[in-house]
Amino acid sequence: MTNIWTIARKEMKVYYVSPMFYIVTAFFVALFAVLFDYNLLTYLTATLSTTFGISIFIFVFVAPITTMRLIAQEKQQGTLELLMSNPVRDYEVVLGKFLAAMVMLASMLAFTLVSVAILLWTAVDRGQFLFLNVGRVDLGPVLAGYFGFLLIAGGYMAIGLLASSLTQNQILAAFIAFATLLVVLFASTLSSIVQGPLSDFFSYLGSNAHVEAFGRGQISLPDLVYALTLIGVPLYLAVVALGARRWH
């Protein structure tokens with residue numbers, strides 16, 4: 001556990017001193033606020049379900065950009081072998097870097113909470129949306145939505161980390177992650193094309209429906225299993241990919 005935290009802390013320092021983190025965060029938070037404000041004006045309700053559903057699409061771009069360097073850069077600079085020369089196991093490297101990515105993701109979501117609070121407060125203060133009864137907004141669906149989005153976006157980060165473990169080229173890693181995430185995001189559309197068990201598989205694989213379910217306050221076992229699998233499988237494959245370097 002000490003090694004995992006040490007690696008995570010090192011990566012977090014890189015994240016928080018990088019201008020890229022603040023640029024991506026500002027971009028994501030601004031779009032999130034616009035989406036929420038649009039839903040507030042269009043549907044006259046402070047729901048986050050649709051907002052999260054569209055925001056996960058934004059993470060198809062955010063995840064590859066923020067994870068492409070995690071392992072690929074170590075390979076490119078030759079520091080991975082130096083890191084592995086210490087008593088550090090493959091899974092500790094993967095978990096440490098993933099933990100840093102999740103802390104960064106949580107930071108981004110924390111900023112969206114501020115923007116949502118400001119929008120709601122402004123609406124009430126100006127008396128424009130008093131019919132929303134914002135003071136009685138059900139926190140259950142809001143918390144469930146953020147919880148589900150954190151898990152599924154975390155799965156996107158895990159896929160980005162896996163892509164970064166497969167190559168030393170950061171651009172190639174970003175492209176692999178981007179292509180994979182497009183498949184994951186739009187897999188449900190394939191369910192209407194194929195027939196039989198594959199249709200059910202593609203329908204379940206698509207992440208958008210799961211995100212929107214969490215956004216409605218529905219925390220079901222299938223959605224939780226989906227989110228945890230989306231995190232666990234890429235992390236396991238990343239550990240395998242790191243271990244495979246010993247055979248070259």
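Residue numbers start at 1 and run along the sequence shown.
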*Sub-3.5 Å donor-acceptor pair from the side chain of Ser164 to the main-chain atoms of Gly160, do we have one?*
no

_Heavy-atom pair with the smallest gap, counting every atom of Leu99 and Ala8_ = CD2-CB, 3.7 Å

*Does Leu113 belong to the same Ile/Leu/Val/Met/Phe/Trp/Tyr cluster as Leu109, with side-chain heavy atoms less than 4.5 Å apart forming each link?*
yes

*asked:* Tell me the closest heavy-atom pair linking Glu92 and Ile7, and the distance in Å.
replied: O-CD1, 3.7 Å

*asked:* Through direct or indirect side-chain contacts below 4.5 angstrom among Ile, Leu, Val, Met, Phe, Trp and Tyr, which residues connect to Val17?
replied: none

*Would you confirm whether the ring centroid of Phe28 sits within less than 6.0 angstrom of the ring centroid of Phe111?*
no

*Apart from Ile176 itself, what residues make up its hydrophobic cluster when side-chain heavy atoms of I, L, V, M, F, W and Y under 4.5 Å apart count as a link, directly or indirectly?*
Leu172

_Student check: side-chain heavy atoms of Phe27 and Ile58 closer than 4.5 Å_ = yes

*Shortest non-hydrogen contact between Ala241 and Leu166, atoms and distance*: CB-CD2, 3.9 Å

*Which heavy-atom pair separates Ala163 from Ala173 by the least distance, and what is that distance?*
CB-O, 3.3 Å

*Cluster link Leu181 to Leu151, ILVMFWY, side chain under 4.5 Å*: yes

*Applying the 4.5 Å side-chain criterion to the ILVMFWY set and letting contacts propagate, would Ile23 and Ile65 be lumped into a single cluster?*
no

*CD1 of Ile54 to CZ of Phe59: how many Å apart, nearest 0.5 Å?*
15.0 Å

_Once rounded to the nearest 0.5 Å, what's the spacing between atom CG of Leu70 and atom NZ of Lys75?_
12.5 Å

*Residue pairs, two or more places apart or on separate chains, that pass salt bridge (Lys or Arg N to Asp or Glu O under 4.0 Å) and touch residues 211-238*: none

Under 3.5 Å donor-acceptor pairs involving side-chain atoms of residues 224-231, not counting sequence neighbours:
| residue | atom | partner | partner atom | Å |
| --- | --- | --- | --- | --- |
| Tyr226 | OH | Leu205 | O | 2.6 |
| Tyr226 | OH | Ser207 | N | 3.3 |
| Thr229 | OG1 | Val225 | O | 2.7 |

*Tell me, which pairs form a ring pair (Phe, Tyr, Trp, His ring centres under 6.0 Å) where one or both residues lie in residues 153-186, sequence neighbours left out?*
Phe61-Phe178

*Does one hydrophobic cluster hold both Val14 and Tyr22, with members joined at side-chain heavy-atom distances below 4.5 Å?*
no

*Given side chain to side chain contact (heavy atoms under 4.5 Å, CB included), test Met108 with Val24 step by step and report yes or no.*
CA-CA 9 Å; Met108 296 177 66; Val24 172; 4.1 Å; yes

*Write down the atom of Ala174, the atom of Pro64, and the distance for their closest heavy-atom approach.*
O-CB, 3.5 Å

*Which residues pass the side-chain contact (heavy atoms from CB on, under 4.5 Å) test with Val239, sequence neighbours left out?*
Asp90, Tyr91, Val94

_Results of side chain to side chain donor-acceptor pair (under 3.5 Å) for Tyr16 - residues two or more places apart only_ = Ser107

*asked:* If I take atom CG from residue Leu235 and atom CD1 from residue Ile159, how far apart are they, to the nearest 0.5 angstrom?
replied: 10.0 Å

_Under 3.5 Å: donor-acceptor pair, side chain of Tyr15, backbone of Thr66_ = yes

*Would you please name every residue forming a side chain to side chain donor-acceptor pair (under 3.5 Å) with Thr6, sequence neighbours left out?*
none

_With Phe52 via ring-ring contact (aromatic ring centres under 6.0 Å, His included) - residues at least two apart_ = Phe32, Tyr146, Phe149

*Nearest 0.5 Å, what's the NZ-OG1 distance between Lys97 and Thr67?*
11.5 Å

*Answer yes or no: is there a donor N or O on one side and an acceptor on the other, between the side chain of Ser165 and the main chain of Ile71, under 3.5 Å?*
no

*Test side-chain contact (heavy atoms from CB on, under 4.5 Å) applied to Met102 - qualifying residues, sequence neighbours left out*: Phe98, Leu105, Leu150

*Indicate yes or no for a side-chain donor-acceptor contact from His210 to the backbone of Gly148 under 3.5 Å, with no hydrogens or angles considered.*
no

_Set of residues satisfying salt bridge (charged side-chain N to carboxylate O under 4.0 Å, His left out) with respect to Lys10, sequence neighbours excluded_ = Glu74

*Mind checking the CD-OG1 spacing from Gln76 to Thr167? Nearest 0.5 Å is all I need.*
9.0 Å

*Would a hydrophobic clustering, with Ile, Leu, Val, Met, Phe, Trp and Tyr connected at side-chain separations under 4.5 Å, put Met68 with Leu237?*
no

*Sorted by first residue and then second, give each salt bridge (Lys or Arg N to Asp or Glu O under 4.0 Å) pair with at least one member in residues 59-69; sequence neighbours left out.*
Glu11-Arg69

*Could you walk me through whether Met12 and Met104 pass the side chain to side chain contact (heavy atoms under 4.5 Å, CB included) check?*
CA-CA 7 Å; Met12 283 187 285; Met104 185 272 295; over 6 Å; no

